[in-house]
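Accompanying notes for the structure given below.
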There are 2 protein chains.
Amino acid sequence: MGNITIKLLAKELNLSTAAISKALRDSHDISAVTKQRVLALAAKLDYTPNPYAGSLRRKKSKTIAVVLPEVADSFFSLAINGIEEVAIEKGYHVLIYLSHENFIREKAILKDFQSGRVDGVLLSISAETNDIQHIQDLCNKDVPLVFFDRVCNDIPTAKITTNDYESGYAATQHLIDNGCRNIALLSISNSLAISNKRMEGYQQALKDNGIEYDAANHLLCSNDVLKNNEEIKKILLRKKRPDGVIATVEKLTTAIYLVCKELQLNIPNQIKVISFSNQASANILNPSLTTITQPAFDMGKAAASILFKALEKKNFILKNESLVIPSTLTIRESSTNS
Amino acid sequence: MGNITIKLLAKELNLSTAAISKALRDSHDISAVTKQRVLALAAKLDYTPNPYAGSLRRKKSKTIAVVLPEVADSFFSLAINGIEEVAIEKGYHVLIYLSHENFIREKAILKDFQSGRVDGVLLSISAETNDIQHIQDLCNKDVPLVFFDRVCNDIPTAKITTNDYESGYAATQHLIDNGCRNIALLSISNSLAISNKRMEGYQQALKDNGIEYDAANHLLCSNDVLKNNEEIKKILLRKKRPDGVIATVEKLTTAIYLVCKELQLNIPNQIKVISFSNQASANILNPSLTTITQPAFDMGKAAASILFKALEKKNFILKNESLVIPSTLTIRESSTNS
DNA sequence: CTTGTTTACTTAAACGGTTAAGGAAATAAA
DNA sequence: TTTATTTCCTTAACCGTTTAAGTAAACAAG
């Protein structure tokens, strides 16, 4: 195909490749006239520089990686939007990787980044991740890393989170204010910081209201939709049936609604529901869903912005740049007395 | 940082870089003993090959690009999952780009691919795209391209679509079967093939049922949520108010439900609704939403699979590989008589 | 014993840029 | 007029890997 290279431009204009390179990068080593000639020919021949040649020489790829547990979730979809927006603006490219909540995959993905493939990484860890050696290893190779949402506290770097503890507390308090005394909490992990913080907020709110925490009210859900449904059903069929449910992740909402429908439990009269969710459809559910909405887009944007600061300025200390962007409670019908 | 390179391994083992390279790629130019020594040292030093050096030399990046209009939509989220699954399996990396339905951006994104940054492209065109020169240009540079969902018929390459015409027809017929005679169609483009095909299916179904097509029933929506709400409201306030609505894209569902709520129009009694949607929450809307569900995950997977075939086999003719994966109509409460 | 073949390497060029160092000509300063 | 400086280039090394071509030694065949 004989692609257009700097060499070709050089030969055509009787210049050295160095001159072409400099002209294209607007070095003031090159006369205005020559620059014009180079630019004109480059435009005419539709020259596009080979990114990998440059990356090899400069040891910079102008690429970042985004590692997510999954993307079939409004939160991560919106986060990607935020990330991409900043990346495009800064002239960076975005590689996307899904861990599918699988530790082995996450490890393999991060391992590859030791090659210099990317200049920086945005990471939201998988629910399975307990061992953090692979993250440690990456940081030891001086690859800038920013966590967002699902962070790992033992790694000293920037973390963009939302106020999970306060949100857990607020959700619980809201249900209590609306008469609930027996509140179930559905989560997806016992090790993720976000899960734990939401849980702690929940427990503190119970305590502050003189309600004893009942471990039977805590359900750890999996990736298996059917199994989750069964477990939720079991909880709602208990003698001491919960009068409120908090779903700490979006995807559990459907399960709750369906089980309630099946069991003919009226939301909100018999049981009140609140979800951590970014679904646009919360408003039009039956009944409309009270949500804790995370600032997904802004979190993505913030994470990317901070990463780019680290990429642009040297001596930028990532670990000083953590940021907490608050979630918002939107009260709708599913949690209030009609 | 003095990274581990082939050179370093070579020096350490008193071999040439060529020998190291060949040993690592298991060339039978190298003795078993030497291979073992190389592999052992590489493992010990945690050698990770520089991807860009290899890309430069081999003129292959082992990377594909996915260009989407947006990602805040269940369809594209699921499609990404499908694509990523295949890519990981094949050892490829996935660069993601969002056009935000903007022609200029799409053009700039594709232009960059002429550089050899990616070995192939998966594209779902923006709603603004009428001029296809930029796609043409990319194809002329022999970059394999596979369209999915939002295809461009004038480019002779593989296209993964769903049966939009039949789905439009089925949606319309379903509403007619349930008593509708005055059906509004909400779409987002007059130029996208998917929009046109759904529209044609709609028109043919009307015709086959002896219903005259009324242009006033066709609403072209934009990216402006508020404006869409206004327009939908206008249609539903017409003297000849529609008794059925088809949303040809997921995001218009919320608008319809909200406007109906505001106007106190009962779904499905006063107006029946059906949406092209992959929302998991369709089931728990009020009322539950009848949907045309696209095989998003499978379309992503299929598109990626076909692209990889083209990347792996030469003389693979992409344009012979188009595929239509049917959507499924799931009937729920929003479109049926109670 | 010579010739051909195989084995197991090495040498060096190549991929397409970037950049430090150098140099000739023009211009400015002494 | 001589020397210093600036301007505008070129030369060549380099980034890390791959690979075509070459070669020395060992072995086999005739």
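Letters go in sequence order (proteins before strands), and every chain restarts at 1. The shown structure was predicted, so the numbers you read here are calculated from the model rather than taken from an experiment.
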Per-helix bend value, the helix from C:dC1-D:dG30 to C:dA30-D:dT1, C1' rotation axes over five pairs per end, 10° rounding, shows 50°

How about NZ on B:K35, more than 12 heavy atoms from neighbouring residues, nucleotides or ligands closer than 6.0 Å, or not? yes

Please give, in whole Å, the distance from D:dT10 P to A:I6 CD1? 13 Å

Counting the atoms with a prime plus P, OP1 and OP2 as sugar-phosphate, which does A:T5 contact under 4.0 Å by heavy atoms, base, sugar-phosphate, or nothing? sugar-phosphate

Gap between atoms CG and C1', on A:L13 and D:dC8 respectively (whole Å): 15 Å

A:F147 and A:V151: which non-hydrogen atoms are nearest, and at how many Å? CB-CG1, 3.6 Å

Check DNA chain C against residues 34-51 of chain B and give the residues with a non-hydrogen atom under 4.0 Å, in numerical order. B:T34

Is the distance from OP1 or OP2 of D:dT18 to the nearest side-chain N or O of B:K60 less than 4.0 Å? no

Show me the protein contacts with nucleotides 11-14 of chain D, counting only N or O atoms at under 3.5 Å.
from, atom 1, to, atom 2, distance (Å)
D:dC14, O2, A:R57, NH1, 2.8

Taking the six-membered ring where the residue is Trp, are the ring centres of A:F113 and A:Y97 under 6.0 Å apart? yes

Mind checking if B:I20 touches a base, just sugar-phosphate, or nothing, with heavy atoms under 4.0 Å? nothing

May I have the step-by-step check of side-chain contact (heavy atoms from CB on, under 4.5 Å) for B:I155 and B:Q136, ending in yes or no? CA-CA 7 Å; B:I155 307 277; B:Q136 207 68 266; 4.0 Å; yes

Note: A:E101-A:R150 ion pair, threshold 4.0 Å (strictly below): yes

If you look at every heavy atom in B:S55 and A:Y52, which pair is closest and at what distance? CB-CD1, 3.7 Å

Less than 4.0 angstrom between a side-chain N/O of A:S31 and OP1 or OP2 of D:dC9, yes or no? yes

With ring pair (Phe, Tyr, Trp, His ring centres under 6.0 Å) as the test, would you mind laying out the steps for A:F316 and A:F308 before giving the verdict? CA-CA 10 Å; A:F316 185 86; A:F308 287 126; over 10 Å; no

Heavy-atom nearest pair, B:S189 first then B:A127, reads OG-O, 4.0 Å

What range of DNA chain C does chain B touch, first nucleotide to last, counting atoms under 4.0 Å from its heavy atoms? C:dA8 to C:dG16

Under the 3.5 Å rule, do the base of D:dC8 and the side chain of A:D29 count as making a donor-acceptor pair? no

Under the salt bridge (charged side-chain N to carboxylate O under 4.0 Å, His left out) test, which residues partner B:K107, sequence neighbours left out? none

Could you tell me if the side chain of B:I80 sits less than 4.5 Å from the side chain of B:V71, heavy atoms only? yes

Does either side chain, that of A:D119 or that of A:S61, offer a donor lying less than 3.5 Å from an acceptor on the other one? yes

Let me spell it out: for each of A:G54 and B:A53, pick the nucleotide of DNA chain C with the closest heavy atom. Which residue's pick is nearer the 5' end? B:A53

Regarding B:K159 and B:E321, does a basic nitrogen lie under 4.0 Å from an acidic carboxylate oxygen? no

Per the side chain to side chain donor-acceptor pair (under 3.5 Å) rule, what does the pair list look like for residues 121-133 of chain A, sequence neighbours excluded? A:E106-A:T129, A:S126-A:T129, A:N130-A:S191, A:Q133-A:D137

Measure from NZ on B:K11 to P on D:dG16 and round the result to the nearest Å. 12 Å

Main-chain N/O of B:K22 paired with B:D26 side-chain donor or acceptor, under 3.5 Å: no

